[in-house]
Amino acid sequence: DAKTTQPPSMDCAEGRAANLPCNHSTISGNEYVYWYRQIHSQGPQYIIHGLKNNETNEMASLIITEDRKSSTLILPHATLRDTAVYYCIVMDSNYQLIWGAGTKLIIKP
Amino acid sequence: ETGVTQSPTHLIKTRGQQVTLRCSSQSGHNTVSWYQQALGQGPQFIFQYYREEENGRGNFPPRFSGLQFPNYSSELNVNALELDDSALYLCASSLYVPPYNEQFFGPGTRLTVL
C-alpha cells in the first residue's frame, strides 16, 4: 500500500503558485520523498525529490516539514501545461516506488 | 543521452494469448522497473530487474514474468491474458543506488485484451 495521502484534485489559476500537499506520517529516517507528474496517457515525469532539506530545481520547489511527516510541492508560476496528475511517493522497505492515486491538478486560464 | 523507449506503442490481444513488451533503458542505467496502470489509477509495481536479476516484485501472479539483458534492456511477458490485463504498461530505468531510486519512464505500451 502507498505510504502517502494526497487530495484527489485541486484547481489553480494560471500564473499563480500551485501548492500540492502530501502526508507521509509513517516515513522512515532514510526514506526519500519523490514527486512525479503524469500528463494524460503519457509516461510519468520526474519532478523533484528530497530527504530532509527543502529542495528547488528548474521545475519546482519541495518543502518538507521538520518532522518529515508531510511535504508540499510548489509550482511557482503555473501554466496550462502543468495540468496533470501529481504523485507524491515514498519508497517501501525494498526501495521500490509505491504509487497512490495522486492529485489531479487543473490549471485554469 | 537516449531516453527510455518502449515497443510496441499499442497492442490488441485476445483472452488466453501471450504478449511480450519491450523496453530499452536510458544510457548508463542498470535497473529496469515495470508497472501496470489501469485507467484512472496510479501505476502498480510489477517487478524490478537489477543487473539481470529480479530485484523486487509486486503483487502480480507468476504469469507476469520478465527478463533483463546484458545491455540492460528488458522484456515483460504476460501469459494467459485476461480481460483485466488491459492497461498501460510502463517501463522505467534508473541507476539503482539504495535508498536513491530516481526513475525515468518510457511512454508506455497500451495493451487491450478482448
Novice: Taking side chain as everything from C-beta outward and backbone as N, CA, C, O, which of these in B:Q41 sits under 4.5 Å from a heavy atom of chain A? Side chain, backbone, both or neither.
Specialist: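 Interface part for B:Q41: backbone (N, CA, C, O).
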Novice: Could you tell me whether A:D67 atom CG has more than 12 heavy atoms of other residues or ligands within 6.0 Å of it?
Specialist: yes
Novice: Please say yes or no: joined through hydrophobic side-chain contacts below 4.5 Å, possibly via intermediate residues, are B:L81 and B:I46 part of one cluster?
Specialist: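 Yes, B:L81 and B:I46 fall within the same hydrophobic cluster.
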Novice: Measure distances from A:Q45 to the heavy atoms of chain B and classify the residue's part below 4.5 Å as side chain, backbone, both or neither.
Specialist: neither
Novice: Quick check: closest heavy atoms across B:L90 and A:G43, and the distance to 0.1 Å?
Specialist: CD2-CA, 3.9 Å
Novice: How long is the straight-line distance from CZ of B:F45 back to CD1 of A:I98, given to the nearest 0.5 Å?
Specialist: 6.5 Å
Novice: Out of curiosity, B:E102 CD to A:L97 CG, how far, rounded to the nearest 0.5 Å?
Specialist: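 Taking CD in B:E102 and CG in A:L97, the distance rounds to 10.0 Å.
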Novice: Look at atom CZ of B:R15 and say whether more than 12 heavy atoms of other residues, nucleotides or ligands are closer to it than 6.0 Å.
Specialist: no
Novice: Same cluster or not: are B:F64 and B:V19 linked, directly or through other Ile, Leu, Val, Met, Phe, Trp or Tyr residues, by side-chain heavy atoms under 4.5 angstrom apart?
Specialist: yes
Novice: Could you check whether atom CG of B:L114 has more than 12 heavy atoms from other residues, nucleotides or ligands sitting under 6.0 Å from it?
Specialist: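 Atom CG in B:L114 is packed in, count exceeds 12.
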Novice: Let me confirm one number: the OH-CD distance from A:Y46 to B:Q103, rounded to the nearest 0.5 Å.
Specialist: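 It is 12.0 Å, given to the nearest 0.5 Å.
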Novice: Taking the side chain as everything from C-beta on, heavy atoms only, tell me whether A:Y87 gets closer than 4.5 Å to B:P43.
Specialist: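 Yes - at least one pair of side-chain heavy atoms lies under 4.5 Å apart.
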Novice: I'd like to know whether NZ of A:K104 has more than 12 heavy-atom contacts from other residues, nucleotides or ligands below 6.0 angstrom.
Specialist: no
